[in-house]
Every structure is written in structure tokens, then in C-alpha cells.
Amino acid sequence: MPELPEVEVVRRGVGQWAMSRWINEVEVLHPRAIRRQEAELSSILLGRRFSCASRRGKYLWLPIEDSDHCLVVHLGMSGQLLMQPVEQADEPHLRVRFGFADGGPQLRFVDQRTFGFVMSDVLVAADHDGRIPASIQHIARDPLDPAFDDELFLGRLRSKDAEVKRLLLDQGLISGIGNIYADESLWRSRIRATRAGSSISAVKGRQLLADIRAVMTEALAQGGTSFDALYVNVNGESGYFSRSLNAYGREAEPCSRCGSPIRRSRFMNRSSFYCPRCQRT
DNA sequence: CATAGATCCTGTATGC
DNA sequence: TGCATACAGGATCTAT
């Protein structure tokens with residue numbers, strides 16, 4: 001599932017291959033993928049160029065040159081942004097095609113489970129620098145953002161009685177974390193997912209934040225190696241299986257720290273993996 | 001407001 | 001072999 005590191009790899013790929021090229025085609029193959037705004041999408045994009053690729057948490061956006069608009073992209077669970085040659089056959093779950101006047105590789109949005117989307121949006125002033133899409137103003141900065149406010153996050157985390165894992169998954173509190181990196185970060189910090197945010201000490205909270213950054217930075221470093229010129233290689237799944245996971249997906253396998261079998265439990269309609277010995281509370 | 005749970009979706013894996 | 005069910009989970013919505 002694409003989380004912050006995977007989305008960042010996509011951002012770099014799109015930023016390298018889809019910028020400053022005149023857009024002359026927007027073809028929508030599935031209305032759900034664009035939240036039913038086909039007319040807006042075409043009108044803001046045709047005859048224009050993307051100027052750069054930005055990201056906050058799991059959200060990507062591509063500002064449009066000489067415009068207040070942008071293309072917002074969320075990969076959901078199974079979304080992919082691919083750069084594909086024009087002659088390449090359509091993918092089975094191709095949802096939107098963006099073609100360029102230079103006849104070079106197309107930008108394609110492919111999504112099996114249709115939780116992802118691409119949509120047009122207006123850019124508005126952000127709290128500090130630059131502008132962000134209006135629809136993601138409620139998304140908190142992510143832990144790799146230089147402007148992320150550690151103390152603000154820790155204060156909010158420690159003021160809530162909700163379970164710490166749910167708080168990590170709350171994109172309004174800290175963005176970019178999904179089920180996999182939540183489990184991995186909690187494993188590193190030896191914190192049980194069900195613990196209340198208010199029970200986390202300031203010291204432990206800082207350690208958790210450091211572990212979140214460490215696991216994401218390591219994943220990003222590994223994701224970057226599989227990058228290919230014509231294929232923005234982030235389908236979220238293929239990359240991360242090659243990574244060194246300590247908890248996620250390792251039910252019944254020995255904890256790499258203490259040897260106890262990793263356990264799995266249901267939580268928030270999804271699986272949680274943890275070491276019952278290392279993560280006592 | 002805070003919190004907990006349901007819901008969207010479809011390909012793959014598993015059970016009988 | 002065939003059919004039914006479980007599972008994956010990001011974000012949003014609903015109910016309490």
C-alpha cells in the first residue's frame with residue numbers, strides 16, 4: 001500500500017518525466033477515478049503544462065503553469081502513476097490517460113481497487129511557504145517535512161485518549177503513515193498499538209517520532225533503487241516486500257529482537273502485527 | 001467535540 | 001472443479 005516513501009518515489013518520477021510538456025489529451029476511462037469532474041479536468045489541463053510535483057503525506061499535486069489550479073493525486077490502496085510509451089497497450093485498470101503534444105510517454109493513472117483518484121483543485125496560500133490544494137488543507141505536515149512541528153504533534157498526541165495507532169493513522173495529526181509503517185514504527189519504539197496517546201511520555205513520544213522518521217527514510221532509500229526511466233515504479237506493493245520488515249506481515253515468525261512469535265490482531269478493520277514481548281504496553 | 005465502527009472496491013487466496 | 005467467503009486498507013461518513 002502506498003504510504004509516504006512510496007508516494008515520494010512517485011513524486012520524483014513524475015517530477016522528472018512529466019514536467020514542462022504540453023498536455024493535449026485527457027482521457028477518462030472510469031468516472032469514479034476523477035470524482036466526476038471530467039469537464040473541469042480537461043479545461044484546466046488542455047494546452048497547459050505541469051510546473052512541478054509536490055507532496056504532503058500521501059497526497060501528490062502537480063501545479064499547472066500560469067494557473068491557480070493543480071492536479072491532485074491520491075493513490076489510495078492500489079493506485080499507480082506510470083509513464084508509458086504511446087504505443088504501449090492500455091493496462092487492465094487504466095483509469096485516466098494524460099497525453100502530451102510531443103508524442104512522448106503518456107502519464108497514466110492505473111488503479112485496480114478505485115480508492116485512489118486524480119482531480120483538479122485550486123491552490124490556496126499555505127501557513128508558511130508556497131501554496132497547497134484547497135482540498136488537503138486539513139492534512140497535517142508529514143514527518144519528513146522540514147517545517148513539521150515536533151512539539152505541536154507530541155502535544156496533540158499526548159492530549160488524546162484514543163489508541164496510539166489510530167492517532168498515527170490520523171492524517172490530520174501526522175500524515176504519510178499507513179498500516180505498515182505504523183506497525184513498524186511502534187515495533188521499533190516497543191509500544192503496543194492499543195496504548196492511549198495520553199499514556200505516552202514526552203520522551204517516549206520523541207523516540208516514536210524518531211523511529212517513524214528512521215523507518216521511512218530507510219524505506220525511501222530502498223524504494224529509490226528500483227526506479228526505472230520509463231516506468232514510475234511504485235505500485236506500493238512490489239517495492240515494500242523487498243524491504244526489511246520487522247513486524248508487518250510476519251505473524252508467527254520470530255521477532256528479530258527477542259525471538260517471540262509475532263502476533264496479529266484485528267484493529268480498525270485491519271491487521272495489526274506486534275511482538276507480545278517487546279511491545280508489552 | 002471525541003470516539004468507534006462501517007463503508008467504498010476488486011483481485012487473490014483459502015475453505016468446503 | 002466450483003462456488004462461497006475472507007482479506008487487503010486509505011479516507012470519509014455515520015452513529016453514539
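Numbered from 1 within each chain, the chains take letters A, B, ... in sequence-line order. In what follows, every heavy atom counts, from backbone to side chain, and hydrogens, waters and symmetry copies are set aside.
Pairs engaging residues 183-220 of chain A under the ring pair (Phe, Tyr, Trp, His ring centres under 6.0 Å) rule: none recorded [sequence neighbours left out]. Applying the salt bridge (charged side-chain N to carboxylate O under 4.0 Å, His left out) definition to pairs two or more places apart or across chains, those involving residues 256-280 of chain A are A:Glu251-A:Arg264. Every pair passing salt bridge (charged side-chain N to carboxylate O under 4.0 Å, His left out) that includes a residue from residues 184-211 of chain A is listed here, sequence neighbours excluded: A:Glu151-A:Arg206, A:Arg188-A:Glu218. Within the structure, every pair that satisfies the ring pair (Phe, Tyr, Trp, His ring centres under 6.0 Å) test and touches residues 140-179 of chain A, not counting sequence neighbours, is listed here: A:Phe148-A:Phe153.
Between the C1' atom of C:dA11 and the CG atom of A:Leu169 lies a distance of 11 Å, rounded to the nearest Å. Counting to the nearest Å, the P atom of C:dT12 and the CE atom of A:Met119 are 10 Å from each other. In this entry the distance linking CZ of A:Phe267 with C1' of C:dA8 reads 17 Å, nearest Å. Between A:Phe117 atom CZ and C:dA11 atom C1' the separation is 9 Å, expressed in whole Å. Put simply, CD1 on A:Ile139 is 6 Å from P on C:dA11, counting in whole angstrom units. Whole-Å rounding puts the A:His138 NE2 to C:dG10 C1' distance at 11 Å. One can place CD1 of A:Ile180 at 10 Å from C1' of C:dA8, the figure rounded to the nearest angstrom.
Contact between the side-chain N/O atoms of A:Ser271 and the OP1/OP2 oxygens of C:dC7 is not found at any separation under 4.0 Å. Put simply, A:Tyr181 has no side-chain N or O that comes within less than 4.0 Å of OP1 or OP2 on C:dG10.
Salt bridge status for A:Arg108 with A:Glu91: present, with a side-chain N to carboxylate O gap under 4.0 Å. Under 4.0 Å is where a charged nitrogen must lie from a carboxylate oxygen, and between A:Arg131 and A:Asp68 at least one such pair does. A salt bridge between A:Asp121 and A:Arg35 is absent, with no side-chain N of the basic residue lying under 4.0 Å from a carboxylate O of the acidic one.
Annotation: the terminal axes of the helix from B:dA2-C:dT16 to B:dC16-C:dG2 meet at 60°, where each axis is the rotation carrying the C1' atoms of four end pairs onto the next four (5 pairs per end, rounded to 10°).
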* Carefully, step by step, assess A:Glu65 and A:Arg49 under the rule salt bridge (Lys or Arg N to Asp or Glu O under 4.0 Å). => CA-CA 6 Å; A:Glu65 259 181 29; A:Arg49 311 193 288 185; 3.0 Å; yes
* Could you go step by step and tell me if A:Asp111 and A:Arg95 meet the salt bridge (Lys or Arg N to Asp or Glu O under 4.0 Å) rule? -> CA-CA 7 Å; A:Asp111 189 17; A:Arg95 307 303 188 195; 5.6 Å; no
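Using modelled atom types, no side-chain atom of A:Gln88 and backbone atom of A:Gln84 make a donor-acceptor pair closer than 3.5 Å.
Nearest to the side chain of A:His74, among B:dC8, C:dA8, C:dA11, sits C:dA11.
Transitive grouping of hydrophobic side chains (ILVMFWY, heavy atoms separated by less than 4.5 Å) keeps A:Met268 and A:Tyr274 in distinct clusters.
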* Asked: What does nucleotides 1-7 of chain B look like as a protein-contact string, B for base, S for sugar-phosphate only, - for none, at under 4.0 angstrom between heavy atoms?
  -> --SBB-B
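Side-chain contact between A:Leu123 and A:Pro133 is present, with heavy atoms from C-beta onward closer than 4.5 Å. Residues A:Leu107 and A:Phe100 are in side-chain contact: their nearest non-hydrogen atoms beyond the backbone lie under 4.5 Å apart.
Residues passing the side chain to side chain contact (heavy atoms under 4.5 Å, CB included) test with A:Arg55, sequence neighbours excluded: A:Leu4, A:Val7, A:Glu8, A:Arg11, A:Leu60, A:Asp142. Listed by chain and residue number, A:Tyr248 satisfy the ring pair (Phe, Tyr, Trp, His ring centres under 6.0 Å) test with A:Phe273 (two or more places apart in sequence, or in another chain). Contacts of A:Tyr59 classified as ring pair (Phe, Tyr, Trp, His ring centres under 6.0 Å), with partners at least two apart in sequence or in another chain: A:His74.
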N/O contacts under 3.5 Å, protein versus nucleotides 10-14 of chain B?
{"from": "B:dG11", "atom 1": "O4'", "to": "A:Gln112", "atom 2": "OE1", "distance (Å)": "3.1"}

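Contact check of residues 55-62 of chain A against DNA chain C (heavy atom, cut-off under 4.0 Å) returns A:Lys58, A:Tyr59. Near DNA chain C, meaning a heavy atom under 4.0 Å away, the residues from residues 172-179 of chain A are A:Gly178, A:Asn179.
Stacking is not found between A:Phe115 and the pyrimidine-like six-membered ring of the C:dA11 base under the 5.5 Å centre-distance and 30° plane-angle cut-offs.
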